[in-house]
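Report on the following structure.
All ligand and atom numbering here is 1-based and tracks the order in the structure. Quantities reported herein were computed from a predicted structural model and do not represent experimental measurements. Positions are given from 1, in the same order as the sequence printed here.
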Amino acid sequence: MTNLVAGAGLSGAIIANLIANELNEKVTVIDKRNVIAGNIFDYKDKETGILVHKYGPHIFHTDNKEIWDYLSKYTKWHYFFLQPNAVFEGKICNIPFNLNTLYQVFSSSMAQRIEEKLISNYGYGIKVPILKLKENQDKDLKFLSDYVYENMFKNYTMKQWGLKPEEIDPEVTARVPFYISFDNRYFQDKYQGIPLEGYTKLVENLLNHPNIKVKLNTDYKDVKEKYKRVFYSGAIDEYFDYKFGQLPYRSLNFEIRTLNQEYYQKSVVTNYPNNYDFTRITEHKYFLNQKSNKTIISFEYPQKFELGKNERYYPISNPETKELYNKYKQLAEKIEGLYFIGRLGTYRYYNMDKAAENVFELFKTLQG
Ligand code: FAD
Ligand code: UDP
């Protein structure tokens, strides 16, 4: 009997690759979509040759050398640091809010005073979640945290989640802290990059093994055969027919446009915390530093996830949804040979490296 992997996203491709290579067992990988790679799917635009991240901007970043080395066997990298901008009060500034941003939005005497206070309160190079900074009672730091909260956080979060920052899991808002540094990079991980030939090619390479068979346009619910093990990277609540109720997700709508101009904006991503209904604009040619006299941009409009209408993107994590997820997890643990993986299977807001780590951990348990 062979193994089945439901979902040809990054998690599914990695578990299939490990089983095929390390255990030398056969694996069938199915996906209900007509393409591989799940939400890291990218494609070369026919007209311009620009590689487009169909489901939003994806930058691989990790401190985990094992994961980086493993993926590096399947792709070369274009070394890349994300340095996005945000528009506050019509000005283009660095984000996450850092010491450079401070000098961009305040007078230099005020910025200098705040910089000194930040460094003496927290230290240089420290990341302070905005909701933590708000607890500081110093007058200047209170002014700063209110400014950041009002201008960068509140409205972006309301757009993104339809909730106030206080209503969502602090882990989510802590992803974009105040950074007491002049470093403009979004991430500080040791290893960062974009696959030189794109993410879809990376996934294709992971799946390219004589032990692996890929079947697209195939939904798990239509699978009749029995398998030794099943790895499921679809939504765990869907697997169990929503027995305990639906796990909520946030969805997105991407509006992709080709423009007859060389560049549209100054960097790959520009956030619009306060204006418009979209949260950010991505300009795709920046990912691989591609040249064209045209450019492709995408607008990201958050929306409610509705079953059958749009895709699941972000799990909405709070104590209630964690409890609901745990009920499904307990049910899953009772079924021998069934493993839930990935963002949807484990209901986690995973970055790519964490999704990969999770699969590696599971694989180690299979090896005994
Ligand atoms: P998915 O990619 O969702 O794959 C699941 C697959 O399963 C899909 O192909 C789906 O079609 C298939 N499937 C589902 N149900 C079934 C079924 N019943 N039968 C058959 N197939 C099924 N991470 C980073 O590290 N860096 C970033 O910059 C970054 N940016 C992001 C930006 C956005 C807008 C979003 C939403 C996420 C971002 N991420 C980023 C996270 C990243 O997308 C995920 O970590 C990664 O895609 C997880 O892969 P996965 O295989 O777990 O899930
Ligand atoms: N966030 C914000 N303003 C920004 C960027 C992020 O308020 O300009 C908050 C928002 O709540 C968002 C969270 O920080 O959902 C995490 O942002 P991140 O950029 O990590 O989200 P992703 O890239 O995963 O969509």
May I ask you to identify, for [X], whether its side chain, its backbone, both or neither come under 4.0 Å of ligand 1 on a heavy-atom basis?
{"X": "Tyr199", "answer": "neither"}
{"X": "Tyr314", "answer": "side chain"}
{"X": "Arg280", "answer": "side chain"}

Taking the minimum heavy-atom distance to [atom], which of [options] ranks first?
{"atom": "atom 1 (P) of ligand 1", "options": "Glu311, Arg312, Arg343, His53", "value": "Arg343"}
{"atom": "atom 14 (O) of ligand 2", "options": "Ile95, Val176, Val269", "value": "Val176"}
{"atom": "atom 40 (C) of ligand 1", "options": "Arg33, His61, Lys32, His58", "value": "His58"}
{"atom": "atom 28 (O) of ligand 1", "options": "Asp353, Asn39, Ile59", "value": "Ile59"}

(message) Within the structure, is a non-hydrogen atom of Tyr55 found at a distance of less than 4.0 Å from ligand 1?
(response)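 Within the 4.0 Å threshold, so yes.
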(request) Could you establish whether Tyr232 and ligand 1 come within less than 4.0 Å of each other, counting only heavy atoms on the residue side? (result)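 In this structure, Tyr232 qualifies as a contact of ligand 1 - some heavy atom is under 4.0 Å.
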To which protein heavy atom is [atom] closest, and what is the distance rounded to 0.1 Å?
{"atom": "atom 52 (O) of ligand 1", "answer": "Ser11 OG, 2.8 Å"}
{"atom": "atom 4 (O) of ligand 1", "answer": "Gly9 CA, 3.7 Å"}
{"atom": "atom 44 (C) of ligand 1", "answer": "Tyr350 O, 3.6 Å"}

(message) Would Lys154 count as a contact residue for ligand 2, given that I'm defining contact as a non-hydrogen atom of the residue lying under 4.0 Å from a ligand atom?
(response)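 Distance cut 4.0 Å: Lys154 fails for ligand 2.
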(request) For Gly234, take its heavy atoms, then give the atoms of ligand 1 lying under 4.0 Å from any of them. (result)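 In order of numbering, the contacting atoms are 14 (C), 15 (N).
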(message) Using a 4.0 Å cut-off to any heavy atom of Leu252, which atoms of ligand 1 qualify?
(response)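 Per the distance check, 34 (C).
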